[in-house]
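The block underneath contains the structure these notes are about, expressed in structure tokens.
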Amino acid sequence: MKQSISERIHALRMTFNPNAVRGFIIPSTDPHLSEYVAPHWESREWISGFTGSAGTAVILKDQAGLWTDSRYFLQAEEQLEGSGITLYKEMLPGVPSIPEFICQHLRPGESISIDGKMFSAYQVEEMQKELAAHNLRVDIFGDPLKTIWEDRPPMPLAPAFIYDIQYAGTSCTEKVAQIRSELTKKNSYALLLPTLDEIAWVLNLRGSDVHCNPVVTSYLLICQDQLIYFISPEKVTPEVAAYLKEQQVELRDYDEIETYLHRFEGESILVDPKKTNYAVYSSIQPQCRIIRGESPVALLKAIRNKQEIAGIHAAMQRDGVALVKFLKWLEEAVPSETVTELSVDQQLHEFRAAQPLYKGESFDTIAGYRAHGAIVHYSATPESNATLHPEGFLLLDSGAQYMDGTTDITRTIALGELTEEEKTDYTLILKGTSALAMAKFPAGTRGAQLDVLARMPIWSRGMNFLHGTGHGVGHFLNVHEGPQSIRMNENPVALQPGMVTSNEPGVYKAGSHGVRIENLTLVCKDKEGMFGEYFKFETITLCPICKKGIIKEMLTREEIEWLNNYHQTVYNKLSPDLSTAEKNWLQEATFPL
């Protein structure tokens, strides 16, 4: 019989040492500090019942809390109800941080425990400093759920596969040469790569270990004269083994990483303490000089080569065709009042799956009707599954993995009659989307400097959204990738030509509606200007933006022109691959405002 949440928490508490250990912190990550993880590492979900991708559970002897961000406030409230776990909403005034909470509830001399594989070296160091000021300790344990998680999913052992050069554009050999050149500049003999998307990019390998993210659970050590790849033998097919041998990659078992690093004889190694788990970081041979710094791979990967850029354009075109077919179907089907959030998800999947080079979704589709649209990362269940009616908004956030690119798009679709408030909110978000899309900026500009453009229209009405405005997107890789971003938080990484980011302002009103419009954009060169080069965004997502919620009088001439030009591009690029009826539908959907 399946354990209840309270039974699971009780079982964990029974493992505490009554003399010193007073609690355990369980984050939502894996040994590679991934955002999305294989089922084997869904520990925080198992202990709390909260299924969002981001959150940390703290289980003390006499109470429990869960910290998550604004994307999941409404979802977490629902899922934690009756569990005995208190929700702590990050970034809101008066909400204690996890270390503050621990300091409030533990007595001097006591300790909080963590699994050293689930926290970065940097996180552990910062936590140790903060707690030491209150005479509290951080104890590094192994996995506390090893003995109490019944029917735990096994370690991911699906085979890896080769990502063809026709899609990757650059060979593994060329990438390793680039990385070694960067290591020479940093006077480092080796680079430790624990991050799954970076490893997949370097080796031109992909896998199916993480739902929607085609990565391979592994570690990679890049030295000036050798490449050592730590991967479970079951994952290496004869074809992959032959390919890796050709790339002069030495294979080691996944579980050998700490032992190998403890005996490592290289004189220096570059390690990012924010991306490397504490257990692996701590295992490095003490005589080896650790150079703390960011991996050069993240930036190399973020700047798309010509083949990747051609691929993402092609993927966007096929994705756009699927979306137009879907939107036409939706408009015709909603009046029957038989369409639900779950059937929307299924129908969209079928249109995408019919496209060449389709490999699956890039994340689970968010189809939120009316009030569900206000739940930023809503996921429909059989219990919550709402029927669509010809009124109000449907917020639809979805994406696909194609061999030649990863897509991510949000459209808020008017299904019928709207309130003035809904129309106003929708138009304000469109203003923010277009303002960012039209931005031109000098070389060296960071995402945080542009973020205000997308927020200003809603800020002027006393509204805001707490998620980022833009994230990087991988190339047939993770839908969320760095190092670039567009958000309120400072990020020192400048936007450079070849980077892909999302543009997705939103506004969410609990119990009423949510609005978000999201396109992916490519940073491109614009022109030479005062003090150097200037860049711009090319909107590469191809799909009409619903016009039914727009209050035209709220838009400037420039905003109307941007929308009309975008729609003309959408029609020109998608219409050749559509039937006559679909073309007619698209012509109406993209007709100038």
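For the single chain, residues carry numbers from 1 onward in sequence order.
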Identify the heavy atoms of [X] and [Y] that sit nearest to each other, and give their distance.
X	Y	answer
P214	Q401	CD-NE2, 3.5 Å
P497	I303	O-CG2, 3.4 Å
A54	T68	O-OG1, 2.6 Å
I284	I269	CG2-CG2, 4.2 Å
P273	G293	CD-N, 4.1 Å
P154	H40	O-CB, 3.3 Å

Pairwise side-chain contact, [X] with [Y], heavy-atom cut-off 4.5 Å (strictly under):
X	Y	value
N135	E110	no
L87	K89	yes
Y243	C172	yes
K129	V124	no
R455	T469	yes
Q224	L183	yes

Step-by-step salt bridge (charged side-chain N to carboxylate O under 4.0 Å, His left out) determination, E182 to R180:
CA-CA 5 Å; E182 293 298 318; R180 284 175 172 156; over 6 Å; no
Using the six-membered ring wherever Trp is involved, compare the ring planes of F101 and W67 and label them parallel, tilted or perpendicular (cut-offs 30° and 60°).
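Perpendicular, since the angle between the ring planes exceeds 60°.
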Hey, can you tell me if F24 and F141 have their rings parallel, tilted or perpendicular (30° and 60° cut-offs)?
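Aromatic pair F24/F141 classed perpendicular.
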Should the heavy atoms of other residues, nucleotides or ligands under 6.0 Å from [atom1] of [X] be counted, would the total exceed 12?
X	atom1	result
E294	CD	no
E490	CD	yes
Y122	OH	no
E234	CD	yes
E239	CD	no
H467	NE2	yes

Answer yes or no: is there a donor N or O on one side and an acceptor on the other, between the side chain of [X] and the main chain of [Y], under 3.5 Å?
X	Y	answer
N213	V215	no
S83	I85	yes
Q484	V500	yes
T195	E198	no
N478	E481	no
D69	E90	no

Any pair with a residue in residues 258-282 that passes ring-ring contact (aromatic ring centres under 6.0 Å, His included), sequence neighbours left out, goes on the list, sorted by first then second residue, please.
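Only F230-Y260 qualify under ring-ring contact (aromatic ring centres under 6.0 Å, His included).
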Sequence neighbours left out, what pairs pass ring-ring contact (aromatic ring centres under 6.0 Å, His included) with at least one residue falling in residues 192-228?
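Found H32-Y219, Y219-Y254.
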So, do [X] and [Y] have ring centers that fall under 6.0 Å from each other?
X	Y	value
Y163	F476	yes
F50	Y72	yes
F537	F441	yes

Just checking, is any N or O donor in the side chain of D30 or S34 under 3.5 Å from an acceptor N or O on the other one?
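Indeed, the side chains of D30 and S34 share at least one donor-acceptor pair under 3.5 Å.
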Can Q79 and T51 be counted as having a side-chain donor-acceptor contact under 3.5 angstrom?
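Per modelled atom types, Q79 and T51 side chains form a pair under 3.5 Å.
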Hey, mind stepping through S218 and Y229 against side chain to side chain donor-acceptor pair (under 3.5 Å) and telling me if it holds?
CA-CA 7 Å; S218 53; Y229 191 33; 3.1 Å; yes
Could you walk me through whether T521 and T501 pass the side chain to side chain donor-acceptor pair (under 3.5 Å) check?
CA-CA 5 Å; T521 64; T501 68; 3.2 Å; yes
Determine, step by step, whether D408 and H471 satisfy the side chain to side chain donor-acceptor pair (under 3.5 Å) criterion, reporting the C-alpha distance in whole Å, the side-chain angles of both residues, the deciding distance to 0.1 Å, and the verdict.
CA-CA 10 Å; D408 181 6; H471 57 82; 3.1 Å; yes
Tell me whether R152 is salt-bridged to D143, with the criterion being a basic N under 4.0 Å from an acidic carboxylate O.
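A salt bridge is present here (some side-chain N lies under 4.0 Å from a carboxylate O).
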Verify side chain to side chain donor-acceptor pair (under 3.5 Å) between E174 and S171, making sure each step is shown before the conclusion.
CA-CA 5 Å; E174 292 172 295; S171 70; 3.1 Å; yes
